[in-house]
Each structure stands twice: as C-alpha cells, then as structure tokens.
Amino acid sequence: MAVAALPDTLLDELTAICGADHVFTGRSALFNRARVPSPFPLHRWEDHIPQAVVLPTSAEQISEVVKLANRHRVPVVPRAGGTGLTDGAVPLKHGIVVDVKLMNRILEIDIEDRTVTVQPGINMLKLSEELRPLGFIYPDNPASYPCSLVGGRIGTSGWSLIGGRFGHTRDLVISFEIVLPTGDIIRVGDGGGKKVRKSSSGYQLKHLFMGHQGTLGIVTEATLELVKRPEAEFSAFYAFPTYLDAWKATGELARSGVSTLAGVVLFDEWKLDYLRRDDEAYIPQPDWVKAVVAVAAYGNADELRVGARRLLRVGAESGGTYLGDEISQGDWASRHDRYATPLHGRTRNGQVVPMSWHCEDASILYSKLPEVREKWHRIADGLRERFDMFDDWGMFSYTNGAFKPWGDYLTEIDIGIWEMEWDDESWAAWVDAKREIARIAIESGGSISACHGSCREGEVDLVPLELGGGFEVMKQIKKTLDPLNVMNPGKYLLDSAYEDRADEED
Amino acid sequence: MLGFRLAAQKPPDATRITDAVVMRFEHIYEVDPELMSEHIQQQDLPAWDTLRIVESRWEHLAWMHDHFADSVVSGEELLKEIEAEG
C-alpha cells in the first residue's frame, strides 16, 4: 500500500523549522526508519513507512514540528536509536518521524552533585567513554548498550543488565525535559529541581512520562546519575545437571545479600542446546551440563573480593560447578553481542538459515519460573511444527529488581525467525503465539513485559487485562495530553480513547 | 610479484567434535559444512583470516571488561584462596 506524500506546503514548513539539510523524504531515509529489530512483517513493509523524516537540533525545533503536526493533523513518531523491541518507533500511521540522533551532546557534568545532563540522542557507551577520564560511568546497560540512545531508554523505561546493583533506567534518570503532544515544553522529575532524586512535592510525573513508547511526547534533555566507575568486576558461571537445581541456586544467589551483586541469570536446557550448536564456550561442555547460572558483581576492589568469595561459596553449596575464568569472564563480556552479531538458526532438518533474533520478555515471579518455562516452550514447539522458519533458542531468566535482586525475573524466550519467509499466515500464527505467551505471563501473576514494552500486535490485546482499571486511566491521560491524537497514534490500543470523537465526526 | 594465494593459507582438515560441529584449529569451532549446503554456503576462509577474527574477538572482550571496570577479579584465584584456607 503506497502512502501519499505530504503536501509541499507542509514540507516547506518543516524545512523552515529544521533547515533543508534536516528534512528527508527519500526512499532510503523513510524505509530505514520503518522498523525496529523486533519481528517485522517484511511482506507488508510499505504499511509502516513514514512520509517524512526530520532530524532537529533543539527542543524548540521539535516543539514547532509538533505544533505543525497538530495544525495539519499529521502523526508524529519519535525515534532515537530504533533498537526497541516493541515497535515504539515504528510509524504505524505514517506521518513525520522525529529522529533525535543529532541531539547528542553532553550539556553539563556536575561532579559536586553527581549528575550529567545530556541530549536524548547520546548513546550510553559513548557517554561512559566521555565520563571515564573523570572517574565516572553511566551504568544503564541493556543488551543494546552499544547502539541504543538515552531518549529511547526513557521512552521504553528500559531494563539494565546490571540493574540489581545500579538500578534501571527509571532509577538512573533523575529528570528530563519533554515536548508534550501539544508542543508545550515541560520538565518532569521527582520534584522541581532537575537534580533532585527524591521529592514528595506533587504528582510523581517522571514515571508517567517513562515507558510511554513515544505516545506522550518527545524527550529533549535528561539529567542522569553520575556513578563512580567500579574498581573491579567479577563474574562467575556455574553448571548444573538439571534446570531445577539451577533454579534453586539462582534463588540462593539472588538472596545472598551481597551488596555488590549486579545480577543473576539462569539459562535453561533449551538455551544450552542452542549454545552447544555454535558457541565455543558450550560446545565442549560434557553432556551432564543441562543448565547454567551466572552472576556478575561490581564495586570497590576490596568489597568486591569479599562478595565474590561469598558468591562462589553459595554457588558451590547450591551444587554448581564453576565453569572457569575463560567462560565466566568471556561470556559476561559478550552480553551485548546479540545486537552486533549476524545470527543464524536451523531448519527442522538442521540446515543453517539466516534468522533474526527475537525474544518475548515478561516479568515472572521466581516461584513460577519452572512452569512458565514449560508452557512457553510448548508454544514455540507449536510454531516450529507448523512453519519451518521458527527456531527455539531457549530461555533465560534474569533478576529484575533494582537494588534488590530477588522476587521477580526478566524472563525471555529467544526465538530465531527466518524473516524472509514471512507471509500473512505465518505472521498471524506468530501474533497468536505472542498473545499466548503474554497470557501465560499474566495468569502466572506476572507482567507482559519487564523491559521491552507491550504495544506490539498480539500481546497489546492483553494490556487492558493486565492493567485493569488502570488502562482506562491511561486512555484518559492520553486524550487529555494529546487531544488530536497526533503523537505516535496506533500504539497501546490508545486510539480507542478517541472513539467518541470518531462517532461525532461520522 | 607474489600476491595472495589461498592455497598457501589452506586451513587444516577438520576434526569432528559433535554431530553438528567440526574443528580445524584448537578451540576454534565451525558449523559442519554439510549443514550449510541448502540455504547458505560456507565461505572459504584463509587460515590467517580465521585467526585474525578470533584474536579480534579476544581484543573486543578485553575492551569490554575495561570499559566497565578497572580490573577483573578471577574466580579461579579466589577458589584457590578459599581452598588453601581450608
């Protein structure tokens, strides 16, 4: 389905706001901003392309673009790194993509009050490189660490691999400036001062504008935690003969009380089978190794050594076999590989095919991990039996709490998808599978998503079920802040907030 | 003038490791070429290029450790300490 071009007059106005060099309507610029790494219906690519792309350089420019979109009733879709896994940056209703990549400067480093203020287009890896000479780090550490941007992390309310020690995005972002769907510019935080971590003044608006997947505005500046660079890192991988042994050990390690502990991760039998195909660390492992548990810790060298000794003791007392420094250190250092490494999977007859990696994530209570794992794998098996384009790459569960790494777990099932094979039937089956995966998460007392968000086809249908009356409040907030529904429409079923208006217009 | 000659960099014959994996250099594994015959063809890589990729990989991992902390604590050394202490 070809989408109509925007009127020349509107493009002229965009050019007047952002400059001729910052407005794009060419095929490459549009198509490359149509998708994110989550599974994408390649056979319907044109359904999702924007009509124009702008790369603004200031909050004022973004404000003017949003006001223009309101005047013309054209959708506006914010985009940062485009690495999200729930389609937040996908322009479902076409319109203008506001790409913030040129807004990538560090505005202020405040060593006394320990904050760094940045624009939304800066990347965490780059930010930490800049902070290193001063002895600091910004420890928001998703798998997409080398390529995702601060603005997207706020839009997603992201999850960090070392969040158990340093907190997740919501804990590391102190306040931020945001252009509302009407074009007004406000700052939200815990309170008034942009560097204040804890306030009881008024509503806590920071959380409202975090994780909205671009439906409530565009972040233009953020004040972040400036964290002392760790003196030392420790990681340990333990092998177990059964999943349940590994699951019990995971709980013991997570509850160990070691203050430098940054996270515990549990790999299941399917994950081990997958890794034995291609991963140099796992191919030589003996057959009895059926599950693996990993821990990571950061801190001052002296306290870290004490904590690491405790973790090694707990791991051994839980029946784990330490897999050695090479695997423990090497696998931990490779935790961002999935965003950089070309992947392949296997057809049912074992042949290698190019596949995209995808993971369905959820927040699952520790006590429910074993049963959820079995149900999710049955869904993946069903997909693979019907379509020789899906490949079950196993599951992992990762401590989910900030500063208190126990209780619920970010749980993912990784599924390789041969995306060149998509057609309407396989896409529909995939969407059904995602919905069932989400249903199992909710029925187990969990949440549809711990880190990606939940606004893609399939699982989004169950967001009202998960949130209950809260979803009606979401709709009222959306309609109040975005009366013309121009800000990233089509996401989170929020178009339903405007059904009364559609009836009136009919 | 002598140019690059693939024959001079021919990798060693493969040793089978598992049903799906073979090995030509110590601890460097590759997918069984038989499994790359229908949809993706395996490339011929000269030995130096395989070794370059592996070395680069180690360099990348060391860089990533260094990116997050000043030092890495060895679990093997700590276990020896614990063992020595009884």
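Throughout, protein chains are lettered first and strands after them, A, B, ... in sequence-line order, and every chain is numbered starting at 1.
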Is a donor from one side chain sitting under 3.5 angstrom from an acceptor on the other, for Q351(A) and S37(B)? yes
Any chance the side chains of H65(B) and Q329(A) put a donor and an acceptor closer than 3.5 Å? no
If every non-hydrogen atom of G75(B) is compared with every non-hydrogen atom of Y322(A), which pair is closest and at what distance? CA-OH, 3.4 Å
Please list, in residue-number order, every residue in residues 10-17 of chain B that has a heavy atom less than 4.5 Å from any heavy atom of chain A; write 'none' if there are none. I17(B)
Between D66(B) and R132(A), is there a salt bridge with N-O shorter than 4.0 Å? yes
salt_bridge(R57(B), D337(A)) N-O dist < 4.0 Å: yes
In terms of heavy-atom pairs under 4.5 Å, which option from D32(B), V31(B), T18(B) contacts chain A the most? V31(B)
When only pairs under 4.5 Å are counted, which of M64(B), M36(B), H39(B) shares the most heavy-atom pairs with chain A? H39(B)
Between [X] and chain A, which part of the residue has a heavy atom less than 4.5 Å away: side chain, backbone, both or neither?
X      : answer
Q42(B) : neither
V21(B) : side chain
E85(B) : side chain

For the residue pair F68(B) and Y145(A), does the interplanar ring angle fall in the parallel (under 30°), tilted (30 to 60°) or perpendicular (over 60°) class? tilted
Determine yes or no for a side-chain-to-main-chain donor-acceptor pair under 3.5 angstrom, with S71(B) supplying the side chain and E231(A) the backbone. yes
Give a yes or no on whether the backbone of S74(B) and the side-chain of D325(A) come within a donor-acceptor separation of less than 3.5 Å. no
Partner of E38(B) under side chain to side chain contact (heavy atoms under 4.5 Å, CB included), picked from V353(A), N349(A), T347(A), is N349(A)
Neighbourhood of chain B inside residues 305-314 of chain A, taking heavy atoms under 4.5 Å as contact: R305(A), A308(A), R309(A), L312(A)
Does Y29(B) have R276(A) sitting over its ring (NZ/CZ under 6.0 Å from centre, angle to axis within 45°)? no
